[in-house]
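I have placed the structure first, in the form of structure tokens, so that the comments after it can refer back to it.
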Number of protein chains: 2
Amino acid sequence: MTIEAGLESVNDAMPSRADVCNRLLNKMPVSDFALLAPHLELVSLKERQVLEVPGRPITHVYFVETGVVSVVAVNAEDHRIEVGVIGKEGMTGVPLVFGDDRAQHSAYMQIGGSGRRMPAAAFTDALRQSTSLRALMMKSAQAFMIQTAHTALANGRAKLEERLARWLLMAHDRLDSDAVPLTHEFLAVMLGVRRAGVTVALHSFERRGFIAARRGQLTLINRAGIEQVANSFYGIPEAELKRLMADTP
Amino acid sequence: MTIEAGLESVNDAMPSRADVCNRLLNKMPVSDFALLAPHLELVSLKERQVLEVPGRPITHVYFVETGVVSVVAVNAEDHRIEVGVIGKEGMTGVPLVFGDDRAQHSAYMQIGGSGRRMPAAAFTDALRQSTSLRALMMKSAQAFMIQTAHTALANGRAKLEERLARWLLMAHDRLDSDAVPLTHEFLAVMLGVRRAGVTVALHSFERRGFIAARRGQLTLINRAGIEQVANSFYGIPEAELKRLMADTP
DNA sequence: TTTTTTCAGTACGGAAACGTACGTCTTTTG
DNA sequence: CAAAAGACGTACGTTTCCGTACTGAAAAAA
């Protein structure tokens, strides 16, 4: 707390590259990071905190560092379902990358954490200035698109257990621990199924020794087991993200 | 056929702006059209013709003018489902816009027609040269993303009849006639449901006077009726497409 | 024309998931 | 500490849709 060196700093000071855990911020060229850094603000992201509201202008871009964001599509009759999750590998505000200023979906913290945010205007300015930043953001956007497409596939063809397993794996990828602090109710909302259905499915996982459950929390014990349950509905978006982030250093 | 004026031309000659029916080609600034025109080739797109294969490089971009393209996500165990359709409002090869050269999904003609195509390399060249072209293509890509997200929503929450109605409306939007030349089998594949389920649902539509059915073809008679069946699962992507294409002239 | 293929109609048992609801624990709030 | 709220366990009848399969009719091929 009382370190005199310039690197360690109060929250709002410009972050050094070493401080950030978001993969996009980590990965981008120093020049691009320098473009963003002055506008980045370290923020805590509390459970259920709303980041974007459908139809409303996007105020900030959030580079997630810990926690998980749920992106949820909603229609006129309030039917809703999760179309993607975002963790330290990504960011919110994808429409900005496409030159749009409005949020398409609802986005909120499903699992609390922290991240860096910057005003939308500053972000679009930076995008305009840097081709390489644009390139990276578009790859990130594409990765999210792929995730959405495979969510559509899972929603249409997978069984409840398969979808639940898929979700747990995606959450696990984005967390630092094996504990997933979530209620059955929220899992049900995201998957668009009954709460009771989630409860039963989780029991089955527990009986098979794949997870341990406590009130408001479940812990992955045997990830390989969950992967088997998820069948082929998990994996492609993850592999594609890796590919997209690998080939342009 | 034997008109001597320079405008009327053989298929491979450079198309004039007035000849093209694809909305993107229509809408873009003349300067951007001039950039693409030399590479555009008028092609007939036959039913079931494959345009993209997952994992394989994208060879051409297709600007659809008539007919409908199905974009289908596939996973390792060959589960598949349609994640979007493309007609005269759009084009194939979205990943190219994001700087990727590979097809993510399977894409093929669901309803035969025609379009203009150009080699992928020429397209990315043009993209690099023109900011306004990039902007337009990104809006088109975003519109497709929205469609995919709402497909995920429909797959997860809508009933078979609602999804079928949604699909018919989306096809109807992209056709010049009320006749949809498709078998129950193909509708079933796209929706990821049983063929027999489609048959029963279509009977219900027919009984209610919404469509007329013949072997391998169905005709919309009462579009408003179909819209009622689709409930709130149809409409948002369409409205958003309109918005996106309106605000940047 | 005859044969073959494709497409559509229909049926039946069964699986999956739903809506609903009620009771029992925890945890939070007053 | 009591009361209220939240989370989970469980149950039952019901809807939706599946897997499968057989039939007749229409179109295409021979």
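Predicted model, so just to flag it, every value in this text is computed and none were measured. The sequence lines fix the lettering, A, B, ..., with proteins before strands; numbering per chain opens at 1. Values below: all heavy atoms of this structure, side chains included; hydrogens, waters and symmetry mates excluded.
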- Salt bridge flag under 4.0 Å for residues Glu185(A) and Arg215(A): no
- Short N-O contact, Lys159(B) and Glu162(B), less than 4.0 angstrom: no
- Message: Under the criterion salt bridge (charged side-chain N to carboxylate O under 4.0 Å, His left out), I'd like the reasoning laid out for Glu161(A) against Arg208(A): C-alpha separation, chi angles, the key distance, then a yes or no.
- Response: CA-CA 13 Å; Glu161(A) 282 204 358; Arg208(A) 288 184 265 174; 2.8 Å; yes
- Message: Working note: Glu82(B) + Arg157(A), criterion salt bridge (charged side-chain N to carboxylate O under 4.0 Å, His left out); need CA distance, chi angles, decisive distance, verdict.
- Response: CA-CA 11 Å; Glu82(B) 188 182 81; Arg157(A) 305 281 272 178; over 6 Å; no
- Message: Please determine whether a side-chain nitrogen of the Lys or Arg among Arg223(B) and Asp173(B) lies less than 4.0 Å from a carboxylate oxygen of the Asp or Glu.
- Response: yes
- Message: Run the salt bridge (charged side-chain N to carboxylate O under 4.0 Å, His left out) test against Glu238(B) and tell me which residues pass, sequence neighbours left out.
- Response: none
Side-chain donor-acceptor pairs under 3.5 Å in residues 50-63 of chain B, sequence neighbours left out?
residue, atom, partner, partner atom, Å
Glu52(B), OE2, Gly93(B), N, 2.8
Tyr62(B), OH, Arg117(B), NH1, 3.1

- Note on the structure: side-chain contact (heavy atoms from CB on, under 4.5 Å) filter on Ala188(A), not counting sequence neighbours, yields Val193(A), Arg195(A), Val198(A)
- Query: In whole angstroms, how far is the P atom of dC17(D) from the CG atom of Asn155(B)?
  - Reply: 12 Å
- Message: On DNA chain D, does the nearest nucleotide to Lys159(A) precede the nearest nucleotide to Thr183(A) from the 5' side, or the other way round? Give the residue.
- Response: Thr183(A)
- Task: Please figure out whether Val200(B) or Glu161(A) has its closest DNA chain C nucleotide nearer the 5' end.
- Result: Val200(B)
- Whole angstrom value for the distance that separates P of dC7(C) from CZ of Phe186(B): 7 Å
- Query: Leu164(B) has an atom CG; how far is it from atom P of dC17(D), in whole Å?
  - Reply: 11 Å
- Item | Separation of atom CG in Leu187(A) from atom C1' in dC8(D), rounded to whole Å | 13 Å
- Item | Of residues 205-222 of chain A, the positions that come close to DNA chain C - non-hydrogen atoms, cut-off under 4.0 Å | Arg215(A)
Please list each protein N or O that sits under 3.5 Å from an N or O in nucleotides 18-24 of chain C, with the distance.
residue, atom, partner, partner atom, Å
dC18(C), OP2, Arg194(A), N, 3.3
dG19(C), N7, Arg194(A), NH1, 3.2
dG19(C), O6, Arg194(A), NH1, 2.8

- Short question: side chain of Asn231(B), backbone of Phe233(B) - any donor-acceptor pair under 3.5 Å? no
- Task: May I have the distance from His203(B) (atom NE2) to dC17(D) (atom P), rounded to whole angstrom?
- Result: 16 Å
- Angle separating the five-pair end axes of the helix from dT1(C)-dA30(D) to dG30(C)-dC1(D), nearest 10°, is 40°
- Here the gap from Tyr108(B) atom OH to Gln110(B) atom CD, rounded to the nearest 0.5 Å, amounts to 5.0 Å
- Below 4.0 angstrom, N of the basic side chain to O of the carboxylate: do Glu65(B) and Arg116(B) qualify? yes
- Note on the structure: Atom NE2 of His184(B) and atom P of dT10(C) are separated, to the nearest Å, by 11 Å
